[in-house]
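Note: hydrogens, waters and symmetry copies are ignored here, and every other heavy atom, side chains too, is used. Both ligands and their constituent atoms are indexed starting at 1 by order of listing.
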Amino acid sequence: MAGIPELFGSMVFDERTMHERLPKDVYRAVMRTMETGESLDSSVANVVANAMKDWAVEKGATHFTHWFQPMTGITAEKHDSFVSPAGQGRAIMEFSGKELIKGEPDASSFPSGGLRATFEARGYTGWDPTSCAFIKENTLCIPTAFYAYSGEALDKKTPLLRSMEAINAQALRVLKCLGVEARHVTPTVGPEQEYFLIPKELYDRRRDLIYTGRTLFGARPPKGQELDDHFFGSIKPRVLKYMKELDEELWKLGVYAKTEHNEVAPAQHELAPVFEKVNAACDHNQLVMEMMQKVAPRHGLVCLLHEKPFAGVNGSGKHNNWSIATDSGMNLLDPGDNPAENDVFLVFLAAVIKAVDEHQDLIRISASGAGNDHRLGGNEAPPAIVSMFVGTEIEAVLEAIAQGKDYVADSVGVLDTSVEALPNIYRDTTDRNRTSPFAFTGNKFEFRMVGAPNSISDSNIVLNTITADALAYIADRLERGECVTEVVRGILHDNGRIIFNGDNYAAEWVAEAAKRGLVNFRSSAEALPHFSDEKNIDLFERHHVFSRAEIVSRTEIMLENYCKVVSIEAQTMIEMTNREILPAALAYMKDLSETALAKQRLSAAASLEFETRLVTKLSALCDSICDRTDRLSTSLREVKNHAEEASRAKYCRDTVFDAMESLRADVDELETLVGEKYWPMPTYGDLLFGV
Ligand code: ADP
Ligand code: MG
């Protein structure tokens, strides 16, 4: 392997490469666009395209693709080769500015939520010069936005870019009032990605994993994560090899993969990159997920990104670490040594407090989906109720402001380990709170509700927009001459209820949150329709992030997806029950009965009690399974009777899902009774401890 510095970014048309290969003025124009989002003169496109192509061909690329992020949440590509006829039966490698700037994939196969009638299939991809092109498997990938013939966004990148412009505009207004010089403000994001690794040969024997990404059946093994022995535990050799190769693949693509460790559950791991601008972070997280899945089979493994692949075992999330920085690198959420007198910090913190309190619904919705419903509210994941943790020191600072008192800092203590040999370690001014869905962690917020397979665009579009809106409110006040303390105090008075530093898993919190009037959407079916509430349409239109039509269509897509996921899971359960599980139980009962009869022939005195009891029990359980499978089939057939997406989703949640749960309970019990060699698929124990 080449040295890591040479390897890093070797497949990216990055700043360094552009500096080497582009004429100075073109390079400067591209850099300006990358830094400030300023639009790029189309005359430079030809120059950039040609340089990109030469570079890519030297690296062995033969094709190019507009790489985009449709509303399916994953990335899409359509490959074209560089080859062009050159007369006399010869070919040359060509790539024009026009091909760089605009593509026209057939849009009819991507979800549009009614934005585009199927006969009106035209959709365009447009080059996003703020994100670097890269080579993946001999293909030059050009990050692009995807939109309809009518101009509406059909993807996750366009609204993200718009939300970045919104927060930039409002943050600059606030900074100007505070006398801080900045040309540009951008959100920064570092998403920690959790995942499971299981042996491929076992995965291949589970239809539920293949069709739905999670296990729909499975009795709990005697050992799960009770002993807390996996987190940060030593990593198994096969997994270590996987992680090493994954790191290398990601480094080549310019992703700063930094930390790899085991997570809480057996077979669960995490990768954290170094944070970067939100647009690049979103693109890179898509690559991280893609590479995680691509590299796994090379090691005989499968990477599961589902939010809850195994019931009763920790789920997988994505911690979206989010902050805001100026072009000179000043982190606007850095409290510094003296937060009580740091106006910039206090104002931006207040903006986030106001934003999160006023738009709890949107935060919840941004992490919604059928998969995440299994995770949120479980005792290891953030609850479905949104609240904020700020830590003891910041809370004391805010308290002092709210009460109009001076803040007296607690002296920062040296940690006493009572061991002379250990160096002195200064205590952080606050401990961590692992139960909070939205925690301030020193100089950034960590939003923990996002599910492992989700695009982080959704939550960042929301975070950027709601913060932009709060900043606009603050800028209005400051521009009118109100002082910082007054504005912050007002926000704490109005929105302070969102701050909760206690245990978010406790039952008392649910009651307390209700008392505070916080939103509690227990399921995604309940949450998603609220995306189109008038309040939200106003907000997104005000900041030019989504039009009304875009919001309505997105709501529809999310609800439709919810119903489809539940329906596919239900159908998979029915198929597995009828074709694998019941036949296995029958085979076992047949053997038991034949054994009993043979025994009786041998000796009339032999007891048949065990066989009789077990067959009776199994038989009763199979009757119940049969009934419950019928109930599930019936409920599934009725889905289509609900014309409205929202009521269909609610029905899926209340009725279909309920039927799935009761069928599962029976089958899981059956699994504990049927002989091992009869059971038709790998068990939880096999899957979780198989690597
Ligand atoms: P944890 O302790 O939560 O496991 P770390 O402290 O290692 O995680 O950091 C988590 C993530 O936060 C990393 O991806 C890191 O790059 C990111 N991060 C750090 N500072 C910022 C920032 N200013 N803005 C956004 N993300 C940040
Ligand atoms: Mg974290």
Is the shortest side-chain N to carboxylate O distance from Arg298 to Glu245 below 4.0 Å?
yes
Atoms in ligand 1 with a heavy atom of Asn331 nearer than 4.0 Å
23 (N)
If you count the atoms of ligand 1 from 1 in the order shown, which ones are under 4.0 Å from a heavy atom of Gly190?
14 (O), 25 (C), 26 (N)
Can you tell which part of Glu192 has a heavy atom less than 4.0 Å from ligand 1: side chain, backbone, both or neither?
side chain
Could you tell me which atoms of ligand 1, counted from 1 in the order shown, lie closer than 4.0 angstrom to a heavy atom of Thr188?
22 (C), 23 (N), 24 (N), 25 (C)
Charged N to carboxylate O under 4.0 angstrom, Glu77 versus Lys136?
yes
Decide, yes or no, whether a salt bridge links Glu248 with Lys252 under the criterion of side-chain N to carboxylate O below 4.0 Å.
no
With a cut-off of under 6.0 Å to the ring centre and 45° to the axis, is Arg238 in cation-pi contact with Tyr242?
no
Could you check whether any heavy atom of Glu446 sits closer than 4.0 Å to an atom of ligand 1, since that is the contact criterion I want to use?
yes
Does the pair Arg214/Glu307 count as a salt bridge with the N-to-O cut at 4.0 Å?
no
Polar proximity ligand 1 side, Phe275 side, N/O cut 3.5 Å exclusive
yes
Tell me whether Val274 reaches ligand 1 (any heavy atom closer than 4.0 angstrom to a ligand atom).
yes
Side-chain ion pair, Lys157 and Asp283, N-O less than 4.0 Å:
yes
